Trainee: 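Submitted below is the structure of interest, expressed as structure tokens.
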Amino acid sequence: MNDKTQLNNPLHGKTLEAILSALVDYFGWESLGQRINIRCFTHNPSIKSSLTFLRKTPWAREKVENLYIRFIVNS
């Protein structure tokens, strides 16, 4: 990607931890688990365990990033 593409990328410069923390602050774990039904959000959730799962699971990370763009960036 070039610099112009990155300027239009709302995730540029954001860590997965920052994205997840913003979503948890905005929705809370229960609502986040309802929006993205993955076990790390619905059963004893924590930032650490969720980051571990999301880093290993591209489809789940994509869902989290898309939710972040829809609700956090566009609000």
Side-chain angles (χ1 to χ4, degrees):
M1 286 188 191
N2 62 31
D3 289 337
K4 277 193 171 189
T5 304
Q6 287 303 322
L7 290 174
N8 294 327
N9 181 355
L11 301 176
H12 181 66
K14 300 284 185 194
T15 64
L16 183 57
E17 184 173 5
I19 291 168
L20 182 59
S21 293
L23 288 171
V24 171
D25 288 347
Y26 189 82
F27 292 112
W29 286 112
E30 186 175 340
S31 181
L32 187 58
Q34 290 170 351
R35 292 174 187 280
I36 303 173
N37 188 15
I38 52 178
R39 189 170 178 82
C40 66
F41 293 166
T42 60
H43 294 80
N44 198 21
S46 73
I47 295 289
K48 184 178 178 183
S49 66
S50 296
L51 286 173
T52 300
F53 176 76
L54 293 171
R55 286 182 178 130
K56 294 178 182 177
T57 316
W59 64 263
R61 182 179 182 144
E62 184 177 340
K63 286 183 180 231
V64 167
E65 290 172 345
N66 288 337
L67 186 66
Y68 178 82
I69 290 168
R70 280 197 329 262
F71 285 93
I72 306 299
V73 173
N74 294 324
S75 56

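This one's a predicted model, so the numbers in the text were calculated from it and none came from an experiment.
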Trainee: Could you note down all residue pairs passing ring pair (Phe, Tyr, Trp, His ring centres under 6.0 Å) where residues 50-75 supplies at least one of them, sequence neighbours left out?
Mentor: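 Those involving residues 50-75 are F27-F71.
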
Trainee: I need the R70 CZ to L67 CG distance, nearest 0.5 Å.
Mentor: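 Between R70 CZ and L67 CG, I get 5.0 Å after rounding to 0.5 Å.
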
Trainee: What is the distance from atom OG1 of T42 to atom CG of N37, rounded to the nearest 0.5 Å?
Mentor: 5.5 Å

Trainee: Using side chain to side chain donor-acceptor pair (under 3.5 Å) as the criterion, list what pairs up with S46, not counting sequence neighbours.
Mentor: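 S46 satisfies side chain to side chain donor-acceptor pair (under 3.5 Å) with S49 only.
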
Trainee: Tell me, with the steps shown, if E17 and L20 meet side chain to side chain contact (heavy atoms under 4.5 Å, CB included).
Mentor: CA-CA 5 Å; E17 184 173 5; L20 182 59; 5.9 Å; no

Trainee: Check the surroundings of atom CG in D25: do more than 12 heavy atoms from other residues, nucleotides or ligands lie under 6.0 Å from it?
Mentor: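 Count over threshold, so yes.
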
Trainee: Hey, could you give me the CG/CD1 distance between L23 and I47, rounded to the nearest 0.5 Å?
Mentor: 9.0 Å

Trainee: To check you understand the geometry: which heavy-atom pair defines the closest contact between S50 and C40, and what is its length?
Mentor: OG-O, 3.2 Å

Trainee: Taking side chain as C-beta onward, heavy atoms only, is V64 less than 4.5 Å from F41?
Mentor: yes

Trainee: Can you name the nearest heavy-atom pair linking L54 to R61, along with the distance?
Mentor: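 Reported closest heavy-atom pair: O-CB, 3.6 Å.
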
Trainee: Could you state the interatomic distance from CG (L51) to CG (L16), rounded to the nearest 0.5 Å?
Mentor: 5.0 Å

